[in-house]
Amino acid sequence: MVLFVLVLGTLSGCRSVSYFKAGNLVSQADMSEIPFSRLKELIVLEAKINGIKGRFILDNGFSMSAVNAGFAERAGMIFTSYSSATDANNKRTRLERAQTPSIQIGDQVFKDTWVYKIDTKLFLPCDSLDGIIGAGIINKVNWKIDFTQQLLWLSPKPFPSRGLKVPISIAPNNTSTMILNVH
């Protein structure tokens, strides 16, 4: 009976492989200070992929990072596989995927990170962006953001906090939940 359930689970197609935790941070400094600009409510920063500079939005709602076709070509990226993704409208799509040797933001370097190929003009048609820095990178380093000065800091170490720590759980699909009791 146990063997039958195991085989049935294997054949059912309900298995999924997550590349969300792939890659790692190779810290080049204790802290990096990075200027950013704002595009509507989005943070836009400069990053390098394979040594090529680009403009990227910071979006923790996007599980993996992504680049458009033009940037991918300039950075010498080769897309060898596909992955299924679900968009904000809960629509599944198939995206090309590549593992890139390095993504650098300030002095912080992320190695062997998976990146999707997307068309950035579909969601930001009036702006020239090269891609998205997603949660696969965001969750590997500590971030501190100052919207007034338009600076962000990245550190492999936690920042001292004067605020309250709120327990939060992050699911494999990047859904975040927390429980708050208001009195």
Qualifying residues under side chain to side chain contact (heavy atoms under 4.5 Å, CB included), relative to S128, sequence neighbours excluded
none
Could you tell me if the side chain of P101 sits less than 4.5 Å from the side chain of F110, heavy atoms only?
no
Step through the shown structure and confirm whether more than 12 heavy atoms of other residues, nucleotides or ligands are within 6.0 Å of CD1 on I78.
no
Same hydrophobic cluster for L122 and M64, using side-chain heavy-atom links shorter than 4.5 Å among ILVMFWY?
no
Note: M77 and I49 closest approach over all heavy atoms is SD-CG2, 4.0 Å
Please report the interatomic distance CZ(R94) to OG(S83), rounded to the nearest 0.5 Å.
9.5 Å
Is L151 linked to L154 within one hydrophobic cluster, defined over Ile, Leu, Val, Met, Phe, Trp and Tyr using a side-chain heavy-atom separation of less than 4.5 Å?
no
Same cluster or not: are I137 and M31 linked, directly or through other Ile, Leu, Val, Met, Phe, Trp or Tyr residues, by side-chain heavy atoms under 4.5 angstrom apart?
no
Main-chain N/O of I133 paired with S65 side-chain donor or acceptor, under 3.5 Å
no
List in chain and number order the residues that pass salt bridge (charged side-chain N to carboxylate O under 4.0 Å, His left out) with R38, two or more places apart in sequence or in another chain; answer none if no residue qualifies.
E41
All heavy atoms of A72 vs all of F79, minimum pair found to be CB-CE1, 3.5 Å
With sequence neighbours left out, what residues match K157 under side chain to side chain contact (heavy atoms under 4.5 Å, CB included)?
D30, S155
So, is the end of the R97 side chain (NZ or CZ) under 6.0 Å from the ring centre of Y116 and within 45° of the ring's axis?
no
State whether the side chain of W143 and the backbone N or O of I138 hold a donor-acceptor pair below 3.5 Å, judged by distance alone.
yes
Verdict with reasoning, D59 to I43, per side-chain contact (heavy atoms from CB on, under 4.5 Å):
CA-CA 8 Å; D59 185 352; I43 293 174; over 6 Å; no
Separation of N139 CG from N142 CG (nearest 0.5 Å)
10.5 Å
Heavy-atom side-chain proximity of T100 to N50 below 4.5 angstrom:
yes
Looking only at heavy atoms, what is the nearest atom pair of G106 and S32, with distance?
C-OG, 4.0 Å
Go through the steps for I34 and I105 under the test side-chain contact (heavy atoms from CB on, under 4.5 Å), then give the verdict.
CA-CA 8 Å; I34 297 126; I105 304 171; 3.8 Å; yes
Write down the atom of N68, the atom of L129, and the distance for their closest heavy-atom approach.
ND2-O, 2.8 Å
Out of curiosity, does W153 fall in the hydrophobic cluster containing L58 (side-chain heavy atoms, cut-off under 4.5 Å, transitive links)?
no
With side chains defined as the heavy atoms from C-beta onward, is the minimum distance between P156 and Q108 less than 4.5 Å?
yes
Any donor-acceptor pair under 3.5 Å linking the side chain of Q104 with the backbone of K48?
no
Quick one: does D130's side chain have a donor or acceptor within less than 3.5 Å of a partner on R55's backbone?
yes
Within 6.0 Å of NZ in K121, more than 12 heavy atoms from elsewhere:
yes
Out of curiosity, L42 CG to I57 CD1, how far, rounded to the nearest 0.5 Å?
5.0 Å
State yes or no: are the ring centers of F71 and F56 separated by less than 6.0 Å?
yes
Can L152 be reached from F147 by stepping across I, L, V, M, F, W or Y side chains whose heavy atoms are under 4.5 Å apart?
yes
